[in-house]
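Worksheet for the structure shown next.
As the structure is a computational prediction, the values presented were derived from the model and not from experiment. The sequence lines fix the lettering, A, B, ..., with proteins before strands; numbering per chain opens at 1.
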Amino acid sequence: MSAHLKVVRAGLFDTLQDLGRIGFMALGMPTAGAMDRIALRLANALCGNPAGAAGLEIGVMGPDLLVEAESVRIALVGPLSPALIEGPDAPTKPLDSDRTHLLKRGQTLKVGMVEGSSTAYLAVAGGFALPPFMGSLSTYARAGVGGFQGRRLAQGDALPLAREQAPAGEDKKLGQPFDYGSGPISIVWGPQDDHFSARGRRTFIESDYRVSKEADRMGIRFEGPTIEHATRVDKGGADIISDGIGPGAIQVPGAGLPIVLLADRQTVGGYPKIATVASADLPRLGRLLPGQTVRFAAITVEEAEQLRRDQEARFQRALAGFTAARPPGGIDLARLYEENLIDGIVYERDSASR
Amino acid sequence: MSVRYLSCGDTAFTVEFGNEISPEINGKVMALHAEIGRAKAIGRLPGVVETVPTMRSLMVSYDPLATSRSKLEPEIEALIARGLPTGMAMRRVSIPCCYDDPEFAPDLAEVAKRTKKTTEQVIAGHLASPFKVYVLGFMPGLAYVAGLEPSLYLPRRSQPRVRVPRSSVAIAMDMTTIYPFESPGGWHLIGRTPLWMFDQRREQPVFLAPGDSLSFQRIDRKSFDRIARDVESGTFDWAKLVQSA
């Protein structure tokens, strides 16, 4: 009998994503992939999956998933409100984020609302048994490819699991929440910063920009002061001969408002791009919600590369800092040995009492 | 114009060969695209992820955890300085197109009127144009194909259509294109091919590639329906449309 997670109630924007469909931009194929790559990688690492495994990207409100398998180990990463585990013959219980949980046949995982970020991720140990398209399981819904039938999950879908039961081993959790950084979003000028006046460039880095309601996997349209092009827009100031669009490219069409292009961005485009978000700050962009305000601050390419290396080092430390997660009420042996040999026994705090 | 290196953050840069659309400039772009592909294939240029050719520039994307801009840019400069190959082997692709059905070619009469030609002359001009695929983008498999016979140049429609059927063949400015999916579009629809420019069942889902030479081959409605059936069922022999130039 094959193992599934059955969608008994669909969320709003749930798609399977991995780290992207790499190598086909020359054919016009967007990379897609997780909006918050840090969170997806953490979820996979908690489950013992390879970094490139696909997980479920959950936007705004997640699905209710019925376990139709002997057992499955899942990891939830991201701010959920919290998720719940239900039945069939036990009281409903909240599930902490940033850790794994062992679910049994007949239980329903109610992922619920994502709060304080636009995305959260669910990984399953062993991954999903779905065929990759062009080397990737990332869903690219505009072309109807990848993931589960190339689209968002809908009620009644049965997501096939690679394993009939969870691998042996104990649950793990993140030592502490990952530090995504704060302050202004770092950008590197270019590729077409010379298409903007000095005043336009100043406006861009000296103003607050608010995430509009037009924010999705393709990009985020910001609201705020308009950025002046170097040449009048009616004289072609907002047109270039189309060129390649990298992740985090910030294009400014004639109306003068910046659009940051993200995972599902088109591969080429004809609007000038004033700057590009540093790759270390892309996960922060992937977490922004409509109404939130950001500032942009310019750094050099070298500084952006260094930020990314520093972030990766922090990420590797986070992986090394995973600890055993025990069911509420159980004895936390790791903490007992590490910090509390004198006073006695330490109990893992019950998540519901926090 | 000398080569410019434009920053695209810390994961890519764009090598810009010029600021105009010309076969010479695009030839350099495609040659560098191919050259980097060859270097990668034999394990050189570690950290280069992929390259994106457009009409006049090549975006080189890289992994900042595996290499850096200051290491990579001189390597690309050296590739260009060594001299890029010219006259590369390109594919010649022939696309069957039905111009005769008014459902397929709703704008043919208007194009004829605005270019002061008969519809037959418009079709002949499209068939005789030396087309070349410059770039794929906007949606998977959508090719910007330049080389339209100059007497057929028209701006885009002032009122774009909300729905252009899949596989419509359209012209605007100095270009032609084939819609890989049903989508909105502002180009003039003058025919339809039974081919699908994007078919995820195929090992190579995208049919056209940058650098392809392209010509259209006129077919009637009966041939259209026959080819369409074979394309739909996955039995069509795509290889017979392609010749190595």
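- Heavy atoms of A:I245 lying under 4.5 Å from chain B belong exclusively to its backbone.
- Atom CZ of B:R156 has 12 or fewer heavy atoms from other residues, nucleotides or ligands within 6.0 Å.
- Contact tally against chain A (heavy-atom pairs below 4.5 Å) for B:E50, B:Q204, B:H33: the top residue is B:E50.
- In this structure, chain A has no heavy atom under 4.5 Å from any part of B:F207.
- Here the CE-OG1 distance, from B:M59 to A:T267, works out to 8.5 Å after rounding to the nearest 0.5 Å.
- Heavy atoms of B:L208 lying under 4.5 Å from chain A belong exclusively to its backbone.
- Atom OG of A:S279 and atom OH of B:Y62 lie 8.0 Å apart (nearest 0.5 Å).
- Counting non-hydrogen atoms of other residues, nucleotides and ligands closer than 6.0 Å to CZ of A:R232 gives a total of 12 or fewer.
- Neither the backbone nor the side chain of A:A249 comes within less than 4.5 Å of any heavy atom of chain B.
- Among B:L142, B:I21, B:L65, the residue with the largest count of heavy-atom pairs under 4.5 Å with chain A is B:L65.
- Residue contact with chain B, scored on non-hydrogen atoms closer than 4.5 Å, involves the side chain of A:E312 exclusively.
- Looking at B:F13, neither its backbone nor its side chain comes within 4.5 Å of chain A, counting heavy atoms on both sides.
- No other option in B:G9, B:A143, B:A209, B:G137 has as many heavy-atom pairs under 4.5 Å with chain A as B:G9.
- For CZ of B:F138, the number of neighbouring non-hydrogen atoms (other residues, nucleotides, ligands) closer than 6.0 Å is 12 at most.
- Interface remark: B:T51 contributes backbone atoms only to the contact with chain A (heavy atom separation under 4.5 Å).
- Heavy atoms of B:V135 lying under 4.5 Å from chain A belong exclusively to its side chain.
- Ranked by heavy-atom pairs shorter than 4.5 Å toward chain B, the options A:E302, A:R265, A:R309, A:R142 are led by A:R309.
- The distance from atom CZ of B:R4 to atom CG of A:D194, rounded to the nearest 0.5 Å, is 5.0 Å.
- The 12-atom threshold is exceeded at CZ of A:F24, counting heavy atoms of other residues, nucleotides or ligands nearer than 6.0 Å.
- Across B:G141, B:P53, B:S61, B:S68, the residue that shares the most heavy-atom pairs under 4.5 angstrom with chain A is B:S68.
- Taking every heavy atom of both residues into account, B:S7 and A:V301 meet most closely at OG-CG2, 3.5 Å.
- When heavy atoms are compared at a cutoff of 4.5 Å, A:Q192 approaches chain B solely by way of its side chain, counted from C-beta outward.
- Counting non-hydrogen atoms of neighbouring residues, nucleotides and ligands closer than 6.0 angstrom, the CZ atom of B:R201 exceeds 12 such neighbours.
- Heavy atoms closer than 4.5 Å to chain B are found in the side chain of A:Y140, but not in its backbone.
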Notebook entry, point to check: A:I241 and B:T54: side chain to side chain contact (heavy atoms under 4.5 Å, CB included), yes or no, with the steps?
Noted result: CA-CA 9 Å; A:I241 298 174; B:T54 63; over 6 Å; no

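- In this structure a side-chain-to-backbone donor-acceptor pair under 3.5 Å is present from B:Q200 to A:G144.
- Between atom CD1 of residue A:I299 and atom CG of residue B:D10 there is a gap of 7.0 Å, rounded to the nearest 0.5 Å.
- Atom CE of A:M25 is separated from atom CG of B:L136 by 12.0 Å, given to the nearest 0.5 angstrom.
- Chain A forms the most heavy-atom pairs under 4.5 Å with one residue out of B:R56, B:E20, B:R69, and that residue is B:R56.
- Contact tally against chain B (heavy-atom pairs below 4.5 Å) for A:G244, A:G190, A:S186, A:P30: the top residue is A:G244.
- Top candidate by heavy-atom pairs under 4.5 Å with chain B, chosen from A:Q266, A:M29, A:Q306, is A:M29.
- A:M134 CE to B:E203 CD: the interatomic distance, rounded to the nearest 0.5 Å, is 10.5 Å.
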